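Everything numeric here is computed off the predicted structure, so don't read it as measured data. Each chain gets a letter, A, B and so on, in the order its sequence line appears, and its residues count up from 1.
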Amino acid sequence: MSALKIEKGSSSHSVYALRDPFAEREEKHTLAVLVENEPGVLARVIGLFAGRGYNIESLTVAEIDHKGHRSRITIVTSGTPEVIEQIKAQLGRIVVVHEVHDLTVEGAAVERELALFKVSGTGDKRIEALRLAEIFRANVVDSTLESFMFELTGPSDKIDAFAELMRPLGLTELARTGIAALARGTA
Amino acid sequence: MTRQMTGAKMVVQALKDQGVDTIFGYPGGAVLPIYDEIFQQNDIKHVLVRHEQAAIHAAEGYARSTGKVGVALVTSGPGATNAVTGLTDALLDSIPLVVFSGQVATFMIGTDGFQEADTVGITRPCTKHNWLIKDTDKLADTVHQAFHVATSGRPGPVLIDLPKDVQFAQGEYVPPQKAKKSYYQPKVKASIEEITDLVALIEKAERPLFYTGGGVINSGPAASQLLRELVDTTGFPITTTLMGLGSYPASGKGWLGMPGMHGLYEANMAMHDCDLMINVGARFDDRITGLVSAFSPGSTKVHIDIDPSSVNKIIRVDLPIIGDVGHVLEDVLKVWKSRGRKTKSAALKQWWAQIETWKDIRCLNYTNSQTVIKPQYALERLQALTGGMDRYITTEVGQHQMWAAQYLGFEAPNRWMTSGGLGTMGYGFPASIGVQMAHPESLVINVAGEASWLMNMQEMGTAMQYRLPVKQFILNNERLGMVRQWQELLHGERYSSSWSESLPDFVKLAEAFGAKGILCSDPKDLDDAIMEMIKYDGPVIFDCLVEKHENCFPMIPSGKPHNEMLLSAEAEAFEGGGALV
Ligand SMILES: Cc1cc2nc3c(=O)[nH]c(=O)nc-3n(C[C@H](O)[C@H](O)[C@H](O)COP(=O)(O)OP(=O)(O)OC[C@H]3O[C@@H](n4cnc5c(N)ncnc54)[C@H](O)[C@@H]3O)c2cc1C
Ligand SMILES: Cc1ncc(C[n+]2csc(CCOP(=O)(O)OP(=O)(O)O)c2C)c(N)n1
């Protein structure tokens, strides 16, 4: 058994190769996945991510063409370039997936998210919240004497920034839709 | 003209229209309407297995040995869950199957009804696609879609879950010609630029190697024919994975044997040292690559595969070609011929001279014995005595499987059925039943280990009932041999639970089923015993008592590069015992 120079009985060699510890740099990508709108299609996509250990940072889904049975799933994911390539190929082989677009590499794209913020407070804090909301062009969609609900649309970092500002002013609840995205241009 | 019929009748009608002649299954409450329809017709033969896992493996054996779709039918709940191992096996090995499962009535779904299981949920990750049918009008169309999906692109298993009320209800039957055209249409032809790039690489290569796999078999017999032509006219060497055995003949002059963990020395060394690797329908499995970072460091790599997710998954390649093997090889041959059939013949000659020195190691040599049967010897004799026959081989999983791949020779595709990707012990016996159903006149042998064989031994009943003369050739080492080998080499010879204790008397077991049992323990008796097995017209359990502690070599432990193989003592002695670097 000299060939390998492993000591008999050493257990430092596994039957299975262990993962390379020198992981590469991760990138964030926004994918648009056009799917047949049939039962279980979202489970297939999510199951793929869970089963193969891919990340989901944001996911939105809705029907976009009722007659044509099409839904659009927008997924923000991260991984090494190899993993991103695999994710796209794996999505593409799901039978009910029609198209997979990587908006991060296919040219400029617009990404938007909608969020609802409930901010409770009185006095100065309440006034400050309203002032900041105006600066951010957030709409007031509900209010009581002790709270506001703001609606804000924009890129995710704008929503993050607004949330940070609202936290000390009494942010009690936050709901975000996740990202919707489209490539710029005519086609 | 519309034809109204019950969902159950539709299933049978659609199967007939798809050209199905045999299905493997096991009844239960949720599929009784379908069984009732099966009873009332004669076109489709139903084989009653003894366990649903076996139904799926039998369908796999049927599919792999015919190139057709394998079909199975199981009941809801436990019937469906028993099928899961088989489905996963077929998914990993790209075997086209259409499996029907019964389900509780639509209005009962979600109530934890009797024998309810979330079958589409459970089988979603282990099928290529699956459907729950809630409307009888959609049933026929879905069955036709299922056949299309199972066989198009990279083949795989699909499942249709059929609630009982859908089977009883009337609906409109749609024949295959009228079914909706599926939007699922994978690309099969490659671009002319890709083909030309590959031909240019072939013309320039000095140390080329074809590394071919199961995709060639998936593509059909014409692909194997084209592969032979390309290999023989270029004079390039070829190595074929466990799943691809037979696509190029073992007697062919380009053949280097199987590569990988238990592959041949010359095949692995050629993988490591080649300057052009042409992967045809193989998926760089980890049993092949060993240490990925040291895999074939100096080669330009081409990968022909129908599934884009197989490409650049494990090994980055320089020229990916997405398409069907048959289509691509046909185009490659055309272009290569039209450009004057060029290869670098002087360099090729040198490359072959190098390969011959690797072959001289004779990595499959072993120390034979006068007193005990060596498993390698048993397979050499099996090959010598049956190699020229109309023969199909299935295997279980373990050392015997690897020895079978090493010592048996396959001259044609679809003659070798083994569980490669999932490595499912218990696959071989039911698979042999499926093969024999498809080829009633042929010799079908399951090369087994005793431990694997016990996992689906209940199928003796099926073999007897349908008079299937399958030969169960058990290399009985009274050990979970493959596990024992790893424990010897890597776990300090601590043989934790790797003894096959309390084994049955296999001869008596055969007799208990009304079959024939043969015991052989003396090398001198082996030939006669094998001939007796072949000649017997009926199922045989052949209990071949072999050396208990034989190790399977060559072997590349995981995480090691190709040029660090463990060899048998004989091959090492030749090498001088030095490290093979
Ligand atoms: C105990 C044990 C030990 C093993 N040791 C080894 C070993 O030493 N050597 C070895 O080779 N294997 C070994 N295996 C098997 C191994 O695990 C894999 O199953 C096998 O190597 C995969 O074979 P493949 O690459 O040919 O791919 P397959 O699993 O057959 O996949 C086929 C590939 O071809 C593609 N394809 C399918 N249809 C087409 C088409 N029409 N056109 C183009 N492409 C197509 C698919 O997309 C896929 O990428 C072992 C298994 C076990 C259980
Ligand atoms: C269902 C299943 N369980 C466990 C394993 C792990 N395993 C791989 S080989 C092996 C031993 C097989 O023993 P046997 O069938 O006697 O064959 P041998 O290796 O002795 O030739 C085991 C337990 C497996 N592959 N499949």
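Of residues 118-127 of chain B, those residues lying under 4.5 Å from chain A by any heavy-atom pair are B:Arg124.
The closest side-chain donor-acceptor pair between A:Thr77 and A:Asn55, if any, does not fall under 3.5 angstrom.
Considering only heavy-atom pairs separated by less than 4.5 Å from chain B, the leading option among A:Gly40, A:Gly92, A:Ala43 is A:Ala43. Among B:Lys128, B:Lys134, B:Arg316, B:Met555, the residue making the largest number of heavy-atom pairs under 4.5 Å with chain A is B:Arg316. With chain A as the partner, the residue from B:Val149, B:Asp307, B:Leu291, B:Ile556 showing the most heavy-atom pairs under 4.5 Å is B:Asp307.
Closest approach of B:Asn268 to B:Gly260, counting heavy atoms only: OD1-N, 2.7 Å. Nearest heavy-atom pair across A:Ala115 and A:Ile159 is CB-CG2, 3.6 Å.
Two rings, from B:Phe284 and B:His303, have their centers less than 6.0 Å apart.
A donor-acceptor pair is defined here as one N or O able to donate and one able to accept, closer than 3.5 Å; no such pair exists between the side chain of A:Glu113 and the backbone of A:Gly154. Using a distance-only test at 3.5 Å, with no hydrogens or angles considered, a donor-acceptor pair links the side chain of A:Glu106 to the main chain of A:Asp102. Between the side chain of B:Lys301 and the main chain of B:Ser296, a donor-acceptor pair closer than 3.5 Å is present. Checked by atom type and distance alone, the side chain of A:Glu63 never pairs as donor or acceptor with a backbone atom of A:Arg72 at under 3.5 Å.
If you measure heavy-atom distances from A:Gln86 to chain B, the contacts under 4.5 Å come from the side chain alone. Neither the backbone nor the side chain of A:Val83 comes within less than 4.5 Å of any heavy atom of chain B.
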